[in-house]
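Note sheet for the following structure.
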Amino acid sequence: MKHRRGLTVLLTTLLVLGSLGGWWNDRWDVLRSVRVPQTRTATLFLPGTHGAWLSLRSMVTSLDRPHVGTFALTARVSWNGHVNWHQRRRVAANNPLVPVIFADNTHPHRQARQLTTVLTQLHRRYGVTRVNLVGHSSGGTIAYDYLADHAPAPVTVRRIAMVGADFPGRTRLRDHYPQLQILNLAGVIGRTANDSEVPVKTVTPLRHLVAGHVGRYQFATISGPVWDTQHSLLHENPALDVRLIRYLYPPS
């Protein structure tokens with residue numbers, strides 16, 4: 001009897017795990033039919049506080065597919081700002097995807113200055129002249145601080161997508177970026193007004209900070225169940241990935 005009961009528990013566990021695995025894989029089907037124009041514009045992914053490769057992995061690898069994007073480079077920035085490049089594939093008209101991993105991952109102002117080094121080297125080493133930035137949490141703050149620091153690298157930032165970012169103590173932009181478009185996204189769990197960590201009301205001030213200084217600003221919420229919209233799970237959301245890649249590489 002004990003053996004039979006144990007077998008029943010084992011089979012039930014396997015069935016549940018198999019169902020969950022199938023459900024998780026089915027979530028990613030939404031990406032299979034996505035097609036976007038292929039360009040030399042590189043998209044850099046900026047993690048949030050204490051973020052590293054694991055916080056970017058899902059988003060980068062899910063977009064690394066034919067007709068979408070190419071995971072071409074990884075930039076690892078040391079504490080002193082030295083950049084170590086790892087090239088996986090060639091940088092071409094293939095929508096190069098570039099995660100940026102900071103050793104010092106808790107100081108957005110400093111990371112923004114280090115981002116200048118990353119972008120400058122990206123231009124000199126790989127001939128990239130146009131970039132997009134995707135920032136999750138304080139990764140969005142890094143992107144904003146880069147703009148506030150006059151965007152000194154010899155590249156043009158075309159589009160920025162900020163996901164669950166807030167902007168404490170930031171002042172309005174002084175420089176003008178007429179070519180720049182910004183998409184500012186906030187997660188909303190169910191009927192709450194936050195993603196469990198960042199309230200919507202701390203995301204929306206970006207509109208005031210960039211008003212009159214960028215070509216276009218958009219704000220939207222990502223609403224849904226906790227497994228899609230919780231702060232640390234936003235970058236594990238395939239529907240959000242689709243929205244981002246279509247925004248970053250629109251039809252010409």
Next on the checklist: Check for me, please, whether F167 and L180 land in the same ILVMFWY cluster - side-chain distances under 4.5 Å, paths through other members count.
Outcome noted: yes
Checklist entry - To the nearest 0.5 Å, how far apart are CG in L240 and CG in L233? => result 11.5 Å
Item to check | Separation of L46 CG from L56 CG (nearest 0.5 Å) | outcome: 8.0 Å
Item to check | L63 side chain reached by F45 side chain, heavy atoms, under 4.5 Å | outcome: yes
Checklist entry - Is there a side chain to side chain donor-acceptor pair (under 3.5 Å) between T41 and N95 once you walk through the steps? => result CA-CA 6 Å; T41 301; N95 296 348; over 6 Å; no
Checklist entry - Is any side-chain heavy atom of N132 less than 4.5 Å from a side-chain heavy atom of Y249? => result yes
Item to check | Inter-residue atom distance F102.CZ - H50.NE2, 0.5 Å rounding | outcome: 15.0 Å
Item to check | For the student: nearest non-hydrogen atoms of T204 and Y217, plus distance | outcome: O-OH, 4.2 Å
Next on the checklist: How about CZ on R90, more than 12 heavy atoms from neighbouring residues, nucleotides or ligands closer than 6.0 Å, or not?
Outcome noted: no
Next on the checklist: Tell me the closest heavy-atom pair linking I160 and A143, and the distance in Å.
Outcome noted: CG2-CB, 4.1 Å
Item to check | H123 (side chain) donor-acceptor with T129 (main chain) under 3.5 angstrom | outcome: no
Checklist entry - Step by step, would you call V214 with L173 a side-chain contact (heavy atoms from CB on, under 4.5 Å)? => result CA-CA 9 Å; V214 300; L173 290 180; 4.3 Å; yes
Item to check | A153: side-chain contact (heavy atoms from CB on, under 4.5 Å) partners, not counting sequence neighbours | outcome: T116, L119, T120, Y146, V155
Item to check | Same apolar cluster (I L V M F W Y, side chains within < 4.5 Å links), V30/V68 | outcome: yes
Next on the checklist: Please check this pair: side chain of T202 against backbone of V198, looking for a donor-acceptor N/O pair closer than 3.5 Å.
Outcome noted: no
Checklist entry - Should V60 and L44 be regarded as members of a common hydrophobic cluster, given that ILVMFWY residues are connected when their side-chain heavy atoms come within less than 4.5 Å of each other, either directly or indirectly? => result no
Item to check | D228 side chain to N237 backbone, donor-acceptor under 3.5 Å | outcome: no
Checklist entry - Has the side chain of R246 got a donor or acceptor atom that lies under 3.5 Å from a matching backbone atom of V36? => result no
Next on the checklist: Using a 6.0 Å cut-off, check whether atom CZ of R40 has over 12 heavy atoms from anything other than its own residue.
Outcome noted: yes
Checklist outcome for this item: In this structure, CD of Q218 is separated from CZ of R159 (nearest 0.5 Å) by 8.0 Å
Checklist entry - Is there a donor-acceptor pair under 3.5 Å between the side chain of T229 and the backbone N or O of G224? => result yes
Next on the checklist: If you compare all heavy atoms of R243 against all heavy atoms of A220, which two are closest, and at what distance to 0.1 Å?
Outcome noted: NH2-CB, 3.2 Å
Item to check | Pairwise distance OG1(T171) to NE2(H208) - rounded to 0.5 angstrom | outcome: 9.5 Å
Next on the checklist: For the backbone of F219 and the side chain of N184, can you confirm whether one donor and one acceptor N or O come within less than 3.5 Å of each other?
Outcome noted: no
Checklist entry - Which residues pass the side-chain contact (heavy atoms from CB on, under 4.5 Å) test with P108, sequence neighbours left out? => result Q111, S138, T141, I142, D145, R170
Checklist entry - Does NZ or CZ of R88 come closer than 6.0 Å to the centre of the six-membered ring of F71, within 45° of the ring's axis? => result yes
Checklist outcome for this item: Note: Q87 and Y126 closest approach over all heavy atoms is OE1-CE2, 3.5 Å
Next on the checklist: With a 4.5 Å cut-off on side-chain heavy-atom distances among I, L, V, M, F, W and Y, is there a chain of contacts connecting W53 to L133?
Outcome noted: no
Checklist entry - Any idea which heavy atoms bring S55 and P47 closest together, and the distance? => result OG-CB, 3.6 Å
Next on the checklist: Rounded to the nearest 0.5 Å, what separates atom CG in L185 from atom CG in L244?
Outcome noted: 6.5 Å
Checklist outcome for this item: Closest non-hydrogen atoms of A165 and V203, given as atom of the first, atom of the second and distance, are O-CG2, 3.2 Å
Checklist entry - Under 4.5 Å between side-chain heavy atoms, hopping through other hydrophobics if needed: is there a path connecting V98 to V157? => result yes
Checklist entry - Does V210 reach the side chain of L147, with side-chain heavy atoms less than 4.5 Å apart? => result no
Checklist entry - Any side-chain heavy atom of R113 sitting closer than 4.5 Å to one from R110? => result yes
Item to check | Short side-chain to backbone donor-acceptor contact, H67 and Q38, under 3.5 Å | outcome: no
Next on the checklist: Atom CZ of residue position R89 - does it have more than 12 heavy atoms of other residues, nucleotides or ligands inside 6.0 Å?
Outcome noted: yes
Checklist entry - So, do S196 and I189 sit near enough that their side-chain heavy atoms are less than 4.5 Å apart? => result yes
Checklist entry - Would Y247 and Q181 satisfy side-chain contact (heavy atoms from CB on, under 4.5 Å), going step by step from the backbone distance to the final call? => result CA-CA 10 Å; Y247 165 75; Q181 298 190 36; 3.6 Å; yes
Next on the checklist: Does the plane of the ring in H136 sit parallel, tilted or perpendicular to the ring in H235? Use 30° and 60° as the thresholds.
Outcome noted: perpendicular
Next on the checklist: Test side-chain contact (heavy atoms from CB on, under 4.5 Å) on R172 and H213; report intermediate values, then the result.
Outcome noted: CA-CA 9 Å; R172 295 186 65 183; H213 290 262; 4.2 Å; yes
Item to check | Validation row: E197, S137 side chains within 4.5 angstrom (heavy atoms) | outcome: no
Item to check | R65/D241 ion pair, N-O < 4.0 Å | outcome: no
Checklist entry - Do the side chain of N194 and the main chain of V200 share a donor and acceptor less than 3.5 angstrom apart? => result no
Checklist entry - Do T156 and Y177 pass the side-chain contact (heavy atoms from CB on, under 4.5 Å) test, and can you show the C-alpha distance, the side-chain angles, and the key distance before you say yes or no? => result CA-CA 9 Å; T156 299; Y177 304 96; over 6 Å; no
Checklist entry - More than 12 heavy atoms of other residues, nucleotides or ligands under 6.0 Å from CZ of R216: is that the case? => result no
